Amino acid sequence: MNFTRWSARLPGTQRRAAARTDHAVSPDRRDGSVPVARAERITEDTPSVPALDELPAREVLDRIPALVALVHGPDHRVAYVNDAYTSAFGARPIGEPAREALPELDALGLLPLLDQVLRSSKPRTVKSRKAPGGRSYTFTCTPVDAPDDKSRGVLVFAADVTDHADAAERLRASEREQRRTAVTLQRSLLPQELEQPDDLRIAATYQPGGTEAAVGGDWYDVITLGGGRTALVIGDVMGRGVRAAAVMGQLRTAVRAYARLDLPPHEVLQLLDGLAAEIDANQIATCVYAVHDPNEGRLVYASAGHLPILVRDESGNVLRADEPTGPPLGTGGWMHTSGSVPLGPGSTAVLYTDGLVERRDADLDEGITALAGALAGATGTPQVICDRLLRSAGVTAGHDDDVAVLVLQHPARTGPDGELFRNAALELLGGVEAAPRARAFASGVLTSWRFPADLHDHGVLAASELVANSLQHGTPPMRLRLRRTDRRLIIEVTDGDDHLPRRRRAEPADEAGRGIAIVATIASSWGSRRTPGGGKAVWCEFALPKADA
């Protein structure tokens, strides 16, 4: 476009001739040849259609509904504004600097863009800028060439997109509200306060995805099982939004219910697999369910399509617990199995969801390897380690996926702190003479642990009743175990029979059936579970007085 000829009529009128053909056959032709078409020619009186370059530019621009302004020179002096522009922003004096005459362009931040267009001689477009007055426009700035570089200009073309911008803003507001609802639901379904077992220190972090990402179904949980054992869970429901969060809530509730049965990890996942299919056959979830037993010094776990647990031992070496792993929950037709990994004093374990390690431009295994390297160098409390792992993985508020991390430590206790955590065990050999030997053993241990008289007597009575129950209803091998922590006394008896005892009301004439009832009455809690190899364990707990805790 030639700037010096902007408002002039360009020369060169073109007239077009059009021909209309009539394919009717002439009745005068008798030789059978193809008839000749008749043509009607346009006469001089027929009005002509003007050529495009014959139309005056100013007249065209004055009438179009879009906003048009023409500025020229490095100071962007106004050369022209059309009626639509004047209606939107008011009349503008022609020839004054745009920084004074077109303040709306300055307010919209378009002056640097005009400078860029002049320098590059290339058009530029900015989308949906809100102008003074509340209307939104999309601005396209096109260079206008002229022989004199000083008079080169820019044609500013603005299309009103207010309706579209308002609709887009309403949609974004609706999406933000839905996201807030999903985040609120997600957080309300997660543990508001983690249970803190005696032998472990635990911290967890949940980071929702950024504002452009829908909330997913990541979750975690910590469940104390009694007898010093702790269940740890982490999972991820595939999908986004409120639906995924709702499914997550149902699975988390189910996990807590199944955990109370004190089943092996693979049996818990087997039950969850069937439930997940019933909740929503089209939605699957990954999950790791693990149980820590301080007496064994191991973490027994089962995985349903989830990422491997990472464990750092007291020497700083990181172990990846890859096997066994089954398919995700909800797929059905698979028998899950349990595995184990060492978790002795001084060890730290990390359970996490894929948002922590999965990136679109890298292999998943590379992310896990990088996380293992970060864990090897991370020290401090579990919460500090959580924060460091998030930073090392580059997880920020704008991360494109939600992340859940669960860190647990089994501290190595020494000195006065170590005196609060003690263990003692006795193999129950022989017949009925094992009962008085167990009572004497329990009395001696509890005396050495300097418990008050009432707790000592209750502990000896509970140990006696549990041993008597095992001698009467169980089979060898039998074992009595006493354990104290900084908060409780735990008494446990194991044997080789898998029949679990239950509390029942004994009639006055009954000679048996009172042992478990007595234990349930004097202890803070009691329970039983099956053990690997076909046996069982029956346990009870006593809360320590504050002075001894």
Side-chain angles (χ1 to χ4, degrees), residues 194-205 218 220-225 228-236 264-266 268-269 286-326 336-358 364-393 403-413 421 532:
L194 287 179
E195 297 182 25
Q196 293 293 333
D198 298 356
D199 294 273
L200 298 177
R201 292 186 297 181
I202 301 177
T205 296
D218 292 14
Y220 57 83
D221 209 349
V222 178
I223 309 165
T224 53
L225 301 177
R229 301 165 71 251
T230 306
L232 306 120
V233 194
I234 197 162
D236 184 3
H266 65 276
V268 172
L269 290 191
T286 64
C287 180
V288 166
Y289 181 87
V291 175
H292 176 255
D293 188 338
N295 295 314
E296 303 295 334
R298 303 189 68 82
L299 193 66
V300 181
Y301 69 93
S303 174
H306 204 78
L307 300 173
I309 300 172
L310 298 180
V311 179
R312 186 189 67 197
D313 62 20
E314 57 183 345
S315 301
N317 301 315
V318 177
L319 171 67
R320 182 188 302 190
D322 282 320
E323 298 294 341
T325 299
H336 293 274
T337 57
S338 294
S340 67
V341 62
L343 190 71
S347 299
T348 300
V350 177
L351 290 75
Y352 52 95
T353 57
D354 57 2
L356 186 64
V357 295
E358 189 173 32
L364 178 61
D365 195 64
E366 294 178 8
I368 298 175
T369 301
L371 179 63
L375 176 61
T379 58
T381 66
Q383 188 59 58
V384 169
I385 293 177
C386 272
D387 297 339
R388 290 182 177 178
L389 294 182
L390 288 176
R391 287 197 301 270
S392 70
V403 176
V405 183
L406 183 66
V407 175
L408 56 141
Q409 289 180 339
H410 188 182
R413 295 181 171 90
F421 291 80

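This one's a predicted model, so the numbers in the text were calculated from it and none came from an experiment. Any value given below was found using the heavy atoms of this structure, including those in side chains, with hydrogens, waters and symmetry copies removed.
Formation of a donor-acceptor pair under 3.5 Å by the D313 side chain with backbone atoms of N317 is found in this model. Checking side-chain atoms of R388 against main-chain N and O of T379 turns up a donor-acceptor pair under 3.5 Å. In this structure, Q196 contributes its side chain and R201 its backbone to no donor-acceptor pair below 3.5 Å.
No side-chain heavy atom of T348 sits less than 4.5 Å from a side-chain heavy atom of L343. By the 4.5 Å heavy-atom criterion applied to side chains, V318 and V311 are not counted as neighbours. Between Y289 and P264 there is no side-chain heavy-atom pair separated by less than 4.5 Å. When side chains are defined from C-beta on, L408 does not count as touching P382, because their heavy atoms never get closer than 4.5 Å. You'll find the side chain of V350 stays beyond 4.5 Å of the side chain of L406, heavy atoms only. Within the 4.5 Å cutoff, side-chain heavy atoms of L232 are placed close to those of L299. Residues L307 and D354 form a side-chain contact, since some pair of their non-hydrogen atoms from C-beta on lies under 4.5 Å apart. For the pair I309/Y352, no side-chain contact is recorded, criterion being any heavy-atom separation below 4.5 Å from C-beta on.
Annotation for A203 and Q383: closest pair CB-N, 3.4 Å, computed over non-hydrogen atoms. For G228 against D199, the heavy-atom pair with the smallest separation is O-OD2, 4.3 Å. Heavy atoms only, all atoms of each residue included: A412 and P345 are closest at CA-CB, 3.8 Å. Residues I385 and G380 approach most closely at CD1-O, 3.8 Å, considering heavy atoms. Closest approach of H336 to S303, counting heavy atoms only: ND1-O, 3.7 Å. When all heavy atoms of T325 and G305 are compared, the closest pair comes out as CG2-N, 3.7 Å.
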Practice prompt. Under the side chain to side chain contact (heavy atoms under 4.5 Å, CB included) rule, what do C287 and L269 come out as? Steps first, then yes or no, please.
Written response: CA-CA 8 Å; C287 180; L269 290 191; 4.0 Å; yes
Worksheet item: side chain to side chain contact (heavy atoms under 4.5 Å, CB included) between V357 and L364: does it pass, once the steps are laid out?
Response: CA-CA 7 Å; V357 295; L364 178 61; 3.6 Å; yes
Fill in: Audit row: H410, H292, side chain to side chain contact (heavy atoms under 4.5 Å, CB included) steps and yes/no
CA-CA 10 Å; H410 188 182; H292 176 255; 3.7 Å; yes
Worksheet entry | Pair D218-T353, side-chain hydrogen bond (donor to acceptor under 3.5 Å, both in side chains): steps then yes or no | CA-CA 7 Å; D218 292 14; T353 57; 2.8 Å; yes
Fill in: Derivation of the side chain to side chain contact (heavy atoms under 4.5 Å, CB included) call for L225 and T230
CA-CA 5 Å; L225 301 177; T230 306; 6.0 Å; no
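Tested against L310, the residues V341, V407, L375 include a single side chain to side chain contact (heavy atoms under 4.5 Å, CB included) partner, L375.
If you take CG on D387 and OG on S392, they are separated by 11.0 Å, rounding to the nearest 0.5 Å. In this structure, E314 CD and S347 OG are separated by 6.5 Å, a value rounded to the nearest 0.5 Å. For the atom pair CG of D236 and NE2 of H306, the computed distance is 6.5 Å after rounding to the nearest 0.5 Å. Annotation: the span from L194 atom CG to D221 atom CG amounts to 8.0 Å, rounded to 0.5 Å. S338 OG to Y301 OH: the interatomic distance, rounded to the nearest 0.5 Å, is 9.5 Å. The distance from the CD atom of E195 to the OG1 atom of T224 is 4.0 Å, given to the nearest 0.5 Å.
Electrostatic pairing of D365 and R320 counts as a salt bridge here, judged by a charged N lying under 4.0 Å from a carboxylate O.
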